Every structure is written in structure tokens, then in C-alpha cells.
Amino acid sequence: MGIMANPMAAHHQKSPSFSVLPSSLSDFHGARLHAQVQYKRKVMQPKGALHVTASAKKNILVMGGTRFIGIFLSRLLVKEGHQVTLFTRGKAPVTQQLPGESDADYADFKSKVLHLKGDRKDFDFVKSSLSAAGFDVVYDINGREAVEVEPILDALPKLEQFIYCSSAGVYLKSDLLPHFEVDAVDPKSRHKGKLETESLLASKDVNWTSIRPVYIYGPLNYNPVEEWFFHRLKAGRPIPIPNSGIQITQLGHVKDLATAFVQVLGNEKASQQVFNISGEKYVTFDGLAKACAKAGGFPEPEIVHYNPKEFDFGKKKPFPFRDQHFFASVEKAKSVLGWKPEFDLVEGLTDSYNLDFGRGTFRKEADFSTDDIILGKSLVLQA
């Protein structure tokens, strides 16, 4: 199906509003996914809403896309037949072969993806290069501040959809959990730039969708989430966990996140909406240590609990998570988008281990200096 020449024509005929996830994506998770085409009558849309069917080939710009989320997202978009351009500074290779990806699949992807080299903070360049290319859809994966988004919107007045990677870190800390998309947000959070970007998008005449992941994990993760545990498990060391270890948190696999990003594309139900995306289950800190051990085939770890207030670690971070309960409901994405995560936690951590750390690759060298301070004190206390 091509793009409708007259956007109003969509209101006079019964047409599939959205189809995503053809069976060609099944190899992405090693599990069969089914295409879902929903037929329904379209009604007049509010301003900035979507009039074009998603099955049409789109000219898509991905801001970022060479580190983690964008690598998996761009694979899916190319498989769906879209023209994908990655906007990066060109400091990292534009494409890299994924662990476990065949040479043929990688060569095919590499031949189809385009690159636009530039600094997104060079607003004049952003405006001139984007307006010349005339993209239909923008995925903003690495945007941190609202001022970085404004030039993109200025350059693309006919933009069909702006899809933003926000963060569940924008929620105001609360005793009532999980966080829902309608919950209070914290204008002082360290993700306040993402919050301001969401406000900017809502104030403009643009069709936008915002995704708020919790903790993301998976192969190529540059944040020391699972890697922090894997380093300690591999070295046969105890795992120091602050306080009781029963703090509850939540992780979502990068491939499930990428799938959600594709499912909002051209989906009128996602128009001007925010969605939490993460795993379905919540997990305690101690439970996460045990799940990482299971994933890597290690014996059950020795866990040492400590009171962080008794230590001065300087600028070093002794533990990779917020020392609090922190998790969000993904029910809205499931009910509105029909999205469902493919990975449970141990499966997802196993995927990450087998395709990354288990192959001897990791982003950061092991640093056990804070562990040694904690373990040294706990030995003194035991004695």
C-alpha cells in the first residue's frame, strides 16, 4: 500500500490502520511474532494526529543509533523496508556487526542504511541538512535537552511523527508504585531535560510519541547494569548490595524496547501518548544477582549487604542502581499497542551474557575498589 495522496481520503475508506512485525522479524527474538492488522473506521483526528498508513515506506531519521538502542531499532526499521539514516558525530563506526548476526544479514543492513555526520548541537547544520533531506519520521534516541529538539522540528514542518526516547527517571519518587504514565513527574530529576522535551513536543503542532524505559539491558549495553554483576560473578567475588537487598526494581531487554519503538510508528493510538516500556516482572536487588548468576551459568553468589551511609566512596559509584524501589507499569503499552515483551528476566540476561560478556566483550573494565572497601569493613565487623 502506498502513501495516500490525499490525507483526508483516509476518513472515507476502511483501511488497515497499522501493521507491524511481519514474520521476517521472528529471527530477531528466536520466537515467532505474528502480524496484527486491525481494521477499524477512522474518525477525524485532533491536530498533529496521524493520517498516513504505517505500511508505507518511510524516510526515517534516527538521532544516535550507533551505541545500543539505535543499533537494534535500526535493524528492525530496515527489515520493515524503511529508508533509515543515522545522524551521528561519526566518532564511532556507523554500523557494526551484531553478535550472532550472519555476515549476509550484516552486509544487507550495511548496504541499506545511510549516515548523516554532524553534531546535533550545531543547530544551523541540523536545520539545513534535515530540511534538505525532508524526513517523514524522526526517532530521537539520544536527545537530552529540549533545545536540541527544536531545530529538528523547525527543519521538518511536514514531519509525520516524532518518536522520543525519554526515561522512567522523570517520575517523582513515590511510596505508591508502580509508576503509571499519568503519575506526577519530578521537574528537578536528573532527567529534567527529557521532561522538558516532552513538554515542548506537547506544546507544538506535531504528532509525537514518547517512550519511558526503566533500566535497559541486553547485548552491547554501555551502562554497567548486568555487566556489573557479570564481572563479579566471573571473578568469583561476593556481590556487595546496599541495605536489605529487597529493594524492588525492573529491567527491560533492549530488543523488546526496539520492538515497542517500531510498534508506535504510524500507529494512531500512539499519537501524542507516553508509554512506559520494561520487563513485565519486577525483581529485588538480591534476586537480580541470582538471576545474573543463573544466566551466566555461575554458582549462586555470595551476597554481602552493607549500609552505604557508613562509607565514603568519593565520586565512585559502588552499585549501579538507585538505592530505592523503582519500577513502572507496562500495562498501557500492552493494552493500547498490543506490545508484549518477549524476554523474561533470566532469558534476557542469558541472551545478553551469551552474545556479549560470555564472548569476552564488555564496555568497562572490572573495578572492584569500592567492593574491597565494603568487604574489608564487613570482615572487621564479623571478626
Side-chain angles (χ1 to χ4, degrees), residues 1 3-4 7-22 25 33-58 60 62 69 73 76-77 80-82 136-141 153 158-168 170 178-183 197-214 252 255-280 328-342:
M1 233 184 336
I3 297 178
M4 294 168 186
M8 298 309 291
H11 303 304
H12 303 302
Q13 63 186 60
K14 204 173 181 191
S15 65
S17 57
F18 184 50
S19 87
V20 78
L21 299 177
L25 285 190
L33 303 176
H34 298 289
Q36 291 176 319
V37 182
Q38 292 179 321
Y39 288 87
K40 62 178 187 297
R41 292 192 185 281
K42 297 199 176 187
V43 293
M44 288 302 287
Q45 298 293 330
K47 71 167 190 171
L50 201 70
H51 303 305
V52 186
T53 56
S55 49
K57 178 181 171 180
K58 302 292 180 201
I60 296 177
V62 178
I69 303 167
L73 171 61
L76 288 190
L77 293 171
E80 289 258 309
H82 302 295
D136 302 321
V137 176
V138 173
Y139 278 95
D140 191 350
I141 303 301
L153 301 178
K158 293 180 180 170
L159 188 68
E160 290 172 23
Q161 193 174 13
F162 189 98
I163 301 168
Y164 186 60
C165 186
S166 182
S167 166
V170 301
H179 290 297
F180 288 95
E181 289 85 350
V182 292
D183 285 357
T197 302
E198 288 181 343
S199 300
L200 171 75
L201 292 168
S203 74
K204 297 278 186 181
D205 185 13
V206 61
N207 173 44
W208 59 271
T209 305
S210 183
I211 302 283
R212 291 177 181 169
V214 188
K255 293 175 189 171
D256 286 329
L257 177 60
T259 304
F261 270 118
V262 174
Q263 282 186 260
V264 300
L265 173 63
N267 188 341
E268 60 193 27
K269 291 179 181 174
S271 182
Q272 299 170 2
Q273 295 294 316
V274 173
F275 296 96
N276 295 329
I277 297 290
S278 194
E280 285 186 285
S329 167
V330 296
E331 289 307 310
K332 180 179 174 182
K334 286 165 69 179
S335 61
V336 174
L337 303 173
W339 170 85
K340 191 175 192 306
E342 288 292 309

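The first residue of the sequence shown is numbered 1, and numbering continues consecutively from there. Computed from a predicted structure; not experimentally measured.
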TODO: Give a yes-or-no answer on whether the side chains of Q273 and T209 include a donor-acceptor pair shorter than 3.5 Å.
DONE: no
Open item on the list: Using only atom types and a distance under 3.5 Å, with no angle test, would you say the side chain of Y164 pairs donor to acceptor with the backbone of R212?
Closed with: no
Task: Minimum-distance pair of heavy atoms, taken over all atoms of C165 and P213 - done: SG-CG, 4.1 Å
Open item on the list: Can you give me the closest heavy-atom contact between E198 and S166, atom names plus distance?
Closed with: OE2-OG, 2.9 Å
Task: Donor-acceptor pair, side chain of W339 and main chain of D256, under 3.5 angstrom - done: yes
TODO: Answer yes or no: is there a side-chain heavy-atom contact under 4.5 Å between I60 and L265?
DONE: yes
Task: Interatomic distance, K204 atom NZ to L153 atom CG [nearest 0.5 angstrom] - done: 6.5 Å
Task: N276 side-chain N/O to H179 backbone N/O, donor-acceptor pair under 3.5 Å - done: yes
Task: Side chains of I163 and W208 in contact at under 4.5 Å (non-hydrogen atoms) - done: no
TODO: Taking side chain to side chain contact (heavy atoms under 4.5 Å, CB included) as the test, write out the residues that go with A168, two or more places apart.
DONE: Y171, V214, F326
TODO: Kindly indicate whether the side chain of F261, heavy atoms from C-beta on, has any atom under 4.5 Å from the side chain of L77.
DONE: no
Open item on the list: Between D140 and T197, is the side-chain contact (heavy atoms from CB on, under 4.5 Å) condition met? List the steps.
Closed with: CA-CA 11 Å; D140 191 350; T197 302; 5.6 Å; no
Task: Partners meeting salt bridge (Lys or Arg N to Asp or Glu O under 4.0 Å) with E280 (sequence neighbours left out) - done: K334, K340
- [ ] Looking only at non-hydrogen atoms, find the nearest pair between Q263 and N267 and report the distance.
- [x] O-ND2, 3.2 Å
Task: K58-Q161 side chain donor-acceptor pair, cut-off 3.5 Å - done: no
Task: D183 versus P178, closest heavy-atom pair with distance - done: OD2-O, 3.7 Å
Open item on the list: With rounding to the nearest 0.5 angstrom, report the OG to CD1 distance, S167 to I211.
Closed with: 12.5 Å
Open item on the list: To the nearest 0.5 Å, what is the distance between CG on N207 and CG on L159?
Closed with: 8.0 Å
Task: Distance-minimising heavy-atom pair for V274 and E181 - done: O-CG, 3.3 Å
Open item on the list: As an exercise, state the distance from CZ of F275 to OG of S329, rounded to the nearest 0.5 Å.
Closed with: 12.0 Å
Open item on the list: Return the CD1 to CG distance between I277 and L257, rounded to the nearest 0.5 Å.
Closed with: 7.0 Å
- [ ] Kindly indicate whether the side chain of E342, heavy atoms from C-beta on, has any atom under 4.5 Å from the side chain of T259.
- [x] no
